[in-house]
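Letters A, B, ... mirror the listed sequences (proteins, then strands); counts begin at 1.
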There are 2 protein chains.
Amino acid sequence: MKLKDQNTEATILESAKLIFMEKGLYGARMQDIANQAGINKALLHYYFRNKERLFDEVFGGALARYFQNMEIISDESLPIIDRVLTYSNRFVYFLAEYPQMSIFLIKEISSNQALFHLKVQGIKKDKKYSLLNVLKEGVEKGELPVIDPVVFLMNLHSLCAYPFVAAPIFHAICQGSGVQWTDANHEKLLQSIHEFIHFKLSKSHL
Amino acid sequence: MKLKDQNTEATILESAKLIFMEKGLYGARMQDIANQAGINKALLHYYFRNKERLFDEVFGGALARYFQNMEIISDESLPIIDRVLTYSNRFVYFLAEYPQMSIFLIKEISSNQALFHLKVQGIKKDKKYSLLNVLKEGVEKGELPVIDPVVFLMNLHSLCAYPFVAAPIFHAICQGSGVQWTDANHEKLLQSIHEFIHFKLSKSHL
DNA sequence: ACTTTTGTTAACCATTTGGTTAAACCATGA
DNA sequence: TCATGGTTTAACCAAATGGTTAACAAAAGT
């Protein structure tokens, strides 16, 4: 069946992504992935030597896509605050598209820091700017109010990512109080994040 | 060894907590827990029929402790904003003491919503007030500015919890940019959270 | 045509893992 | 002292699981 040829590998990757994101590295069973892909288990090992290899492929891909998406922060043609606003937009939209990605990454990173460090170093190596550096420079040059860049970065990431990470908890909380939290509320979320960004980064506030 | 008697059970629970928090339900091995407790594996099954039972015990305990800690929000003798400030303090301090708790809960909840719902319903049943209800009332009665309680709740939880959930990521980010993020920065974190609370809940801002 | 390479499978293997069993241990009360 | 009953262990078991092998199928090269 040369039909599948290049298709099988993609199918496997897709299936693996699905299963890994749902169950994590430990929870996922090779058999589950094979079933999901509709193929024999041995074929997994034919395309990807072993579980970790397969996991790496999926994991690395996701991480690369994320960093690529966030590169906006380096665009020096825009005022920093605009870059940060766009950064938050892309962050939220990315997570809205891959709602499980964040928790997936955290899960696996927390149980395998070494791997993550390597991956990140590999991907980020060639990028001069990170949000953190941009913020530091902005403060030094007086384009931003005097804030602690690390704390701001943390606050911002928290506001963007946690709603997705903790979606199950929020559903439970809201349900318990008779309020509905639909996934369509991303606009509201973004609005509140933008407010926060203006609150922290606008000099007019001082 | 009648010495251990009541001690063994506690030791097991403690060890299980440690291992479960580190590895999650799937990742944790009964043998690991037994080793950690310095006992035979069969003894685990003697005290707690099986893995799920043991897990339940740890899980339920953690959840109960958390909710108990957060009861402050119901104290009607205080202005709402003060309650929220204390709420955030306790939240952060709780997580500082059990840094892995948050991610642990999220991991397990996301892979077992049913169990969580039951637990939460059981624990919260008798509590009239939740942060959400308090906020709603506060807005209705004009004690608070007109905010969306759900969005505020989400923002607040995000700011408090995500730094702990994503600690590995932040370490990586900071390391990559030559900045150090120590666990002692909780004060800075709390300060920024308090700023946020005042920003959103103080009427003087309008 | 036929040989080689690539893709795919069923059957199998070694190890791990949750769980069980039967026997030993030990404090205590009769 | 010795019987009792709660506590602890070594040895074991069955199922699950990651991974391998050998054989087969389908293209592709010759």
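- Rounded to whole angstrom, the span from the CG atom of L44(B) across to the P atom of dT17(C) amounts to 14 Å.
- The CG-C1' distance, from L43(B) to dC26(C), rounds to 14 Å in whole Å.
- Regarding contacts with the backbone of dT8(C), a side-chain N or O of T8(A) is found under 4.0 angstrom from either OP1 or OP2.
- R53(B) places no side-chain N or O within donor-acceptor distance of the main-chain N or O of F48(B), the cut-off being under 3.5 Å.
- Between the CD atom of E9(B) and the P atom of dT8(D) there is a distance of 11 Å, given to the nearest Å.
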Take Y162(A) and H157(A), measure what side chain to side chain contact (heavy atoms under 4.5 Å, CB included) needs, and give me the verdict at the end.
CA-CA 8 Å; Y162(A) 193 71; H157(A) 274 237; over 6 Å; no

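- Residue pairs meeting the salt bridge (Lys or Arg N to Asp or Glu O under 4.0 Å) criterion with at least one partner in residues 84-95 of chain B, sequence neighbours excluded, do not occur; the list is empty.
- If you check dT9(D), dT7(D), dT8(C) against the side chain of I39(B), the one that comes closest is dT9(D).
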Summary of protein contacts for nucleotides 13-21 of chain D, nucleotide by nucleotide, where a base hit scores B, a sugar-phosphate-only hit scores S (4.0 Å, heavy atoms)
----SBBBB

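- In summary, the aromatic rings of F91(B) and Y66(B) are positioned with their centroids under 6.0 Å apart.
- Defining each end axis of the helix from dA1(C)-dT30(D) to dA30(C)-dT1(D) as the rotation carrying four pairs' C1' atoms onto the next four, with five pairs an end, the two axes are found to diverge by 20° to 10 degrees.
- Applying the salt bridge (Lys or Arg N to Asp or Glu O under 4.0 Å) test to residues at least two apart or on different chains, the pairs with a partner in residues 145-172 of chain A are D148(A)-K188(B).
- Applying the salt bridge (Lys or Arg N to Asp or Glu O under 4.0 Å) definition to pairs two or more places apart or across chains, none involves residues 27-38 of chain A.
- The side chain of Y46(B) places no N or O atom within less than 4.0 Å of a non-bridging phosphate oxygen (OP1 or OP2) of dG6(D).
- If you measure from atom CZ of R53(B) to atom C1' of dG19(C), you get 15 Å, rounded to the nearest angstrom.
- Using a cutoff of 4.0 Å between basic side-chain nitrogens and carboxylate oxygens, K200(B) and E195(A) are scored as salt-bridged.
- Remark: Q31(A) pairs with A34(A), N35(A), K41(A) by the side-chain contact (heavy atoms from CB on, under 4.5 Å) rule, at least two apart or across chains.
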